[in-house]
Amino acid sequence: MLKQIEGSQAVAQAVALCRPEVICAYPISPQTHIVEGLGEMVKSGALARCEFINVESEFAAMSVAIGAAAAGARAYTATASQGLLYMAEAVFNASGLGLPIVMTVANRAIGAPINIWNDHTDAMSQRDCGWIQLFAENNQEALDLHIQAFRLGEELSLPVMVCMDGFILTHAYERVDLPTQEQVDAWLPPFEPRQVLDPAEPVSIGAMVGPEAFMEVRYLAHAKQMRALELIPGWADEFRRAFGRDSGGLLHSYRTEDADTIVVALGSVLGTIKDTIDEMRRDGVKIGVLGITCFRPWPLAAVRAALAHATRVVVIEKSLAVGLGGIVTSNVRTSYGGSADAVHAVIAGLGGRSITRASLARVFAAALAGTLEPLSFLDLDGALVERALAREREQRRSGPIAEGMLRDLGVVAARI
Amino acid sequence: MRKPFAITLDPGSSLANHTGTWRTSRPVYVDRLPPCNHACPAGENIQGWLYHAESGDYEAAWRLLTQDNPLPAVMGRVCYHPCETSCNRAHLDAAVGINSVERFLGDEAIRHGWRLTAPAPASGKRVLVVGAGPSGLSAAYHLARLGHAVSIHEAGPVAGGMMRFGIPKYRLPREVLEAEVRRIVGLGVELRLNAKVSDIRETMRAGAFDAAFLAVGAHIAKRAYIPAGSAAKILDALSVLRSMEGADKPLLGRRVVVYGGGNTAIDVARTAKRLGAEEAIIVYRRTREKMPAHDFEVEEALQEGVLIRWLSTIRQAAASSITVEKMVLDADGSPQPTGEFETLAADSVVLALGQDVDLSLIDGVPGLEVKDGVVRVGPDMMTGSAGIFAGGDMVPAERTVTVAVGHGKKAARHIDAWLRGARYAPPPRHEPATFERLNPWYYADAPKTVRPVLDVVRRQSTFDEVVNGLDETNALYEARRCLSCGNCFECDNCYGVCPDNAVIKLGPGKRFQFNYDYCKGCGICVAECPCGAIKMIPEEI
Amino acid sequence: MSFQPVKFYQTGTFTVGNRLLAAEERSVQANMRRTNSINSGHRACQGCGEALGARYAIDAAMEATGKRLIAANATGCLEVFSTPYPETSWQVPWIHSLFGNTAAVATGIAAAMRVKGRSDIRVVAQGGDGGTTDIGFGCLSGMFERNDDVLYLCYDNGAYMNTGVQRSSATPAAARTATTMAVGEPPGNVFGQGKDLPAIAMAHGIPYVATATVAELRDLEAKVRRAMEFRGARYLHIFVPCPLGWGHAAHDTIRIARLAKETGVFPVFEAERGEVVSVSKIRRQLPVEEYLRPQKRFAHLFGKAPRADLIARIQEIADRNIRRYGLVDG
């Protein structure tokens, strides 16, 4: 059924179709509309046989989900940014215990300075937490990935994080095709937990494991993710057959067949990149784009194959490994057969900074011209940065950086 | 369930980890000697029979009791209960009323007609018992149960000895005594009354006895020299009490003075009251603290109106008065005359100054040694003459019914061994269960039950039993006040308090066992055992 | 012959059991078929009060629920000594997630049971005082506020024992721990406001809050049983001495708990919907010295220069408890 709805509502509807049994909600922008939507469905009775629990923190949200999943219930929650960090300990714990929780992360920057807008720093901070991380390009994919996430997580007994760009997707009204309950029921079997807290068959879950077996436990977590790499492409095909759409899978390539320059990115920015590439293609530039849908597990072989004939790779990424550069870029370099120098990291859109076609076109042109630095920052206000650096050089007590820069920009009204 | 590796484990699998290896000392269950048992002159296993009484199994309690003492109904009335004096419960509130429970059991046995356990097969040996007092009856009972043919020769017309002639019936109703004597005779013991033994060797030869137990009571009153006019009426306590058993009651007059400070003096004064005396005055040369009579008897006598003149001696007696001299205690606590005299009205004076035993039956027995009016015996109760044993009032010891009963039992065991050409070796005693060994926290507060007491007015005029027995509820209550010192009473504490589940409960009556595979030796079970029945011993490492 | 089964004066209700009691009057721990929820072979120290308290409480909960019970456990001694791979001591379905989230995990389990129509299966959460009064406090308060159907059991031994006896917000005044050394003024832990978690729990207005000690088994079991009669959030704070951390003899674990109650240091009571409904009276009142002296963590109060002033302040705390809860009659 085609519907013109907000991204958050689309996700809420999709999650509801997956018949979740326990939903834990704690507000944080920009994911709030998702749990609000679900809460209303539970309270009104539209979503039956589901407990909607208003918790007191994200840490509690993930913890309630852990308890629910361990007791055999299909559990869901959503968070973003600071919330994800606040629950980080429980995030690792959920995967360590092998509990197939599904969580939406409405990607948002991490403070300080506090910033509610979109980038990928939150999700990237948890890239090694043992969860499967899927990134949605648009609202339709966000919707579809949730349906796939439950099946994937429950098959592997692993938690799955569906990442969608905060505001850009969560608050965007787009037309989506909402599947029917029958379609989803046919695709997603009821949750059969691998381990469950049951008085009829008592087990102890969460033992203390020492050096004698800890490596093996971690290896098995890795092996499970490797297994996901094998399953995901097949399930994407299956999903296409069942729902008539290309959603999910490991990667999406766009016009890369003959491209010697390939742009790599995750999430909603792929749309802008595709538009930019379309224009450059009209000018005869052999450029294409590789969208990473499954970031964890990292589809090393698939990425390697997709980049096999590229001589130049530009990674547009919405997070910064401070002191290193690009996080996604580092991953891409492990998969790129050619010289690491040919892979460029472009940090873009941090804290919600717009990524415009014009800026992208400039960067791609520089890449083609061979003038793109290994690490660059898209649309960085160099003068502003310079003033801040100068101030810090001159004065030991130079004050908070963010506030200083705002003053430079003239944003602060009351300047003394 | 395909459980995730290492993270998810099967229940209870820690049994594979034998934590007993951590232990440096181990708890062991012990039985300690409770103070009551230790103090009982009759050697009763008091804690043991209270254990059965606690559960309401009175017959089992009585059976265990009568393994040591065949006279519980008597003992429950006349014993001065040193068990209660030593009872650990006195540290908490008041001693357990052991004596009253014993009486309850004795009375229950009479009421229900419980029969004593049948004797062992006949040994073919014959034993003579001289005297049917507590010591003789006790020895006869134990010997009979051991299979020996026993004949009691009693000088008097009825059995009971001092229990009959020295204890007033308001303390020991005669039907109770008779019932318990009957039960002993019922075991096949021959009782010959009015059969005074004047020559022990002759009687043994005539009866072909293999051994003899001499248990003659101290029936001869001691006298003191008191200058007295010819009209003065001076009697001795034993003849007063003895004549109470006959048809003619003694004539004591309106004002009776009793001279002495023992229990017999009290008995006589109280008897005089009941015979109608307006005044019964005990004259005693020392103070109440020094008085040998038991405090509760003094108290009962005072309640009944008996008067006591402390620190006084009788100097002279006349027809209707006596002269007393006041005394003072010197630094050693001995009374010294003061030269101050006083005259008291008195129709009669009863001397209660102690008794002696008639030892004429052993005159000329070689090897038999007499000293201070009593017969010397060895630790096995045998006199210097082989095969002749003695006990009760005849030997140096406290002269109480309970001591006498104990002598009878002890002598019987040694006689039995001697007859078999062996020596009786008493089993080693357990270490004492002192109060420090207990954890009294676990005992609920439960003050002693007071036995119902006859109204004072009636006590002054009748010979009804003064102190009545407990009813079943009270007896059970009293039995359950027992702390079971030093002996497991299956309270489950050790089983409950072990942090390692290392105590195995074996089920009712079977106590507990340590599982040393897991016991870490923390010792909580020892600390929290209410009755001190567990101890820690070092582990051999 | 009539038999009087009701009153057992020899021991009253203080012992674990007795051969003379009727079956329904026996404690769970007296039962030969008790669950032994935490089985032999666990690696708790000798005389561990927490191991004891946990078995008492969980066995009682198993009995009260007909063995339909799931337990969530905070990180800490109890978790570490009971479930080192490859062995677990638990005989109940049990999960350990984190240090600070146990109440929330239990909430999740309870929610799962509710949604699956298995509300007959009851949920307990348990942790030490650190996992409860400190790091787990937020989740605990949330669980209380939502009134989730969970019984939370706090085993209070007054410090972080698992990590080597560091101070928690349940550490008593003047106590020496690895982070409140017996030097300076005052030596040991500060005389602060404390964190009275049972009172905080009561302030949430939850159906049932109670305190208990390992010294009063029957009281503890009765409280677990009572707690299971309620639906909603319940809190039971159990005082469990730690021989290692407190520096007392291993065999004195129960005695120390008894002394804590008898001195008024630890008030034992129960409350329903925020109101105290019963208190366990002090049976033989004792001065706090009796409780303090056997513990090395208070040794600096009794050394060459005894600190009568600090003991007096601790006595004041005990006296306040006695007044507040009416622990002594008259």
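Note on naming: letters A, B, ... go to the chains in the order of the sequence lines (proteins, then strands), and numbering restarts at 1 for each one.
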Enter the distance from B:I7:CD1 to A:Q195:CD here, rounded to the nearest 0.5 Å.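 The distance works out to 7.0 Å.
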Within 6.0 Å of [atom1] in [X], more than 12 heavy atoms from elsewhere:
X	atom1	value
A:F191	CZ	yes
B:H18	NE2	yes
B:H38	NE2	no
A:E192	CD	no

Most chain B-contacting option - heavy-atom pairs closer than 4.5 Å, from A:I205, A:L220, A:V209: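 Most pairs with chain B among the choices: A:I205.
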Show the nearest heavy-atom pair for residues A:A213 and B:A6, with the distance to one decimal.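 For A:A213 and B:A6, the tightest heavy-atom pair comes out as CB-CB, 4.4 Å.
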